[in-house]
Participant: 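Next up is a structure, given as structure tokens.
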Amino acid sequence: MDWEYKEEIINKISQDKVEFNLGLKLLIENEEYNFEELLKTLRNYIINSIPNKTDYNSEAYQNALNTIPLKSTYTSIVILKTYPTKIALDKLLELPKSENIKTITTLLWIFKITDTERRNTECKNGCGHFWHEIK
């Protein structure tokens, strides 16, 4: 998937400039959709958006985990709630293909919540992150 397109869609979703389900559809139905590539991108975005770099746990991250618009018993959510963040994010690559869309949905939601928190706190008075300037 074209890097700039993917990046723009993800950031527009996180900034409520594209409705979540529509943005998710744009990402996973794109002819160049690649699960591993998208998962790795979202993983990196999440890691960068969480302020606590010691254990990658924050109130925003916990809020995101508890508000994912999927059943809390889905494997990707259980893994993220059970293991430390970085380990859990790596384990998601090992899930069967049948879990791919639920995993992308989960990660996209987590990024939306954690990046919103970052924009409202760390980046409140301007930050220089070009992705926060997407129109």
Side-chain angles (χ1 to χ4, degrees):
M1 182 179 313
D2 176 75
W3 172 256
E4 289 179 14
Y5 173 80
K6 174 178 60 176
E7 184 175 85
E8 183 176 342
I9 296 298
I10 291 169
N11 282 290
K12 282 185 173 184
I13 293 165
S14 78
Q15 296 172 39
D16 291 324
K17 293 177 181 174
V18 170
E19 191 274 325
F20 183 82
N21 290 318
L22 172 61
L24 176 64
K25 184 177 179 178
L26 291 172
L27 290 169
I28 61 177
E29 292 183 2
N30 185 289
E31 64 186 34
E32 295 178 36
Y33 166 76
N34 177 305
F35 169 74
E36 285 188 22
E37 178 186 304
L38 188 54
L39 183 143
K40 287 177 183 177
T41 298
L42 287 167
R43 178 193 187 284
N44 290 337
Y45 280 20
I46 290 166
I47 291 296
N48 286 317
S49 68
I50 297 173
N52 183 347
K53 303 295 188 222
T54 307
D55 63 5
Y56 294 94
N57 199 0
S58 68
E59 188 176 326
Y61 181 72
Q62 288 303 313
N63 180 44
L65 283 178
N66 292 320
T67 59
I68 296 166
L70 297 172
K71 290 181 184 178
S72 62
T73 55
Y74 285 158
T75 307
S76 56
I77 299 171
V78 171
I79 287 172
L80 289 163
K81 287 183 174 184
T82 304
Y83 294 95
T85 307
K86 280 186 145 183
I87 293 169
L89 291 168
D90 289 341
K91 285 187 171 290
L92 297 179
L93 275 170
E94 301 168 12
L95 292 177
K97 190 174 183 172
S98 62
E99 297 291 322
N100 286 3
I101 292 175
K102 290 179 263 189
T103 298
I104 294 301
T105 303
T106 297
L107 295 180
L108 188 59
W109 183 264
I110 291 171
F111 177 66
K112 175 181 171 41
I113 301 301
T114 57
D115 192 58
T116 297
E117 176 68 16
R118 176 170 59 169
R119 281 192 326 278
N120 291 335
T121 56
E122 293 176 37
C123 300
K124 186 177 184 177
N125 297 315
C127 58
H129 296 133
F130 69 87
W131 55 89
H132 288 161
E133 307 302 322
I134 293 176
K135 305 268 189 265

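As the structure is a computational prediction, the values presented were derived from the model and not from experiment. These values consider heavy atoms only, across backbone and side chains, with no hydrogens, waters or symmetry-generated copies. Positions are given from 1, in the same order as the sequence printed here.
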Participant: Mind checking whether Glu99 and Leu92 have side chains closer than 4.5 Å, heavy atoms only?
Facilitator: no
Participant: Does some side-chain heavy atom of Ile13 sit less than 4.5 Å from a side-chain heavy atom of Leu26?
Facilitator: no
Participant: How long is the span from the OG1 atom in Thr114 to the CD atom in Gln62, to the nearest 0.5 Å?
Facilitator: 12.0 Å
Participant: Take atom CD in Glu19; do more than 12 heavy atoms of anything else shown fall under 6.0 Å from it?
Facilitator: yes
Participant: Can you see which heavy atom on Ile104 is nearest to which on Tyr33, and at what distance?
Facilitator: CG1-OH, 4.0 Å
Participant: Hey, could you give me each pair passing ring pair (Phe, Tyr, Trp, His ring centres under 6.0 Å) that has a residue in residues 88-110? Not counting sequence neighbours.
Facilitator: Phe20-Trp109
Participant: Can you name the closest pair of heavy atoms from Ser76 and Thr106 and give their distance?
Facilitator: OG-OG1, 3.3 Å
Participant: So, the side chain of Asp115 versus the backbone of Phe111: is there a donor-acceptor pair under 3.5 Å, distance only?
Facilitator: no
Participant: Same cluster or not: Tyr61 versus Val78, using hydrophobic residues (I, L, V, M, F, W, Y) connected whenever any side-chain heavy atoms lie under 4.5 Å apart?
Facilitator: no
Participant: Side chains of Ile77 and Lys102, heavy atoms from C-beta outward: is any pair under 4.5 Å?
Facilitator: no
Participant: Do Asn11 and Lys17 pass the side chain to side chain contact (heavy atoms under 4.5 Å, CB included) test, and can you show the C-alpha distance, the side-chain angles, and the key distance before you say yes or no?
Facilitator: CA-CA 8 Å; Asn11 282 290; Lys17 293 177 181 174; over 6 Å; no
Participant: Could you tell me the separation between the CG atom of Leu27 and the CG atom of Leu42, rounded to the nearest 0.5 Å?
Facilitator: 7.5 Å
Participant: Taking all non-hydrogen atoms of both residues into account, name the closest pair between Ile9 and Gly23 and its distance.
Facilitator: CG2-O, 3.7 Å
Participant: What about Leu108 and Leu70, same hydrophobic cluster or not, with Ile/Leu/Val/Met/Phe/Trp/Tyr joined at side-chain heavy-atom distances under 4.5 Å?
Facilitator: yes
Participant: Is there side-chain contact between Leu38 and Ile10, with at least one heavy-atom pair below 4.5 Å?
Facilitator: yes
Participant: When rounded to the nearest 0.5 angstrom, what is the spacing between OG1 in Thr75 and CG in Leu95?
Facilitator: 6.0 Å
Participant: Grouping I, L, V, M, F, W and Y whenever their side-chain heavy atoms are under 4.5 Å apart, do Leu93 and Tyr45 come out in a common cluster?
Facilitator: yes
Participant: So do the side chains of Leu80 and Leu89 get within less than 4.5 Å of each other, counting heavy atoms only?
Facilitator: yes
Participant: Taking atom CD1 of Ile79 and atom CD of Glu94, what is their separation to the nearest 0.5 Å?
Facilitator: 8.0 Å
Participant: Is a donor on one side and an acceptor on the other found under 3.5 Å between the side chain of Arg119 and the backbone of Ser14?
Facilitator: yes
Participant: Answer yes or no: is there a side-chain heavy-atom contact under 4.5 Å between Thr103 and Phe35?
Facilitator: yes
Participant: If you look at every heavy atom in Asn48 and Arg118, which pair is closest and at what distance?
Facilitator: O-NH1, 3.2 Å
Participant: Give, for atom CD1 of Ile113 and atom CD1 of Ile46, the distance between the pair rounded to the nearest 0.5 Å.
Facilitator: 11.0 Å
Participant: Could you state the interatomic distance from CD1 (Ile101) to CG (Leu24), rounded to the nearest 0.5 Å?
Facilitator: 7.5 Å
Participant: Quick check on Lys25: does its NZ atom have over 12 non-hydrogen neighbours (other residues, nucleotides or ligands) under 6.0 Å away?
Facilitator: no
Participant: Is there a path from Tyr5 to Leu107 through hydrophobic residues (I, L, V, M, F, W, Y) whose side chains come within less than 4.5 Å of each other?
Facilitator: yes
Participant: Evaluate the side chain to side chain contact (heavy atoms under 4.5 Å, CB included) criterion for residues Glu117 and Ile50: first the C-alpha distance (whole Å), next the side-chain angles of each, then the deciding distance (0.1 Å), finally the verdict.
Facilitator: CA-CA 9 Å; Glu117 176 68 16; Ile50 297 173; over 6 Å; no
Participant: Walk me through it: do Lys112 and Asp16 pass the test side chain to side chain contact (heavy atoms under 4.5 Å, CB included)?
Facilitator: CA-CA 9 Å; Lys112 175 181 171 41; Asp16 291 324; 2.2 Å; yes
Participant: Could you tell me if the side chain of Thr41 sits less than 4.5 Å from the side chain of Glu7, heavy atoms only?
Facilitator: no
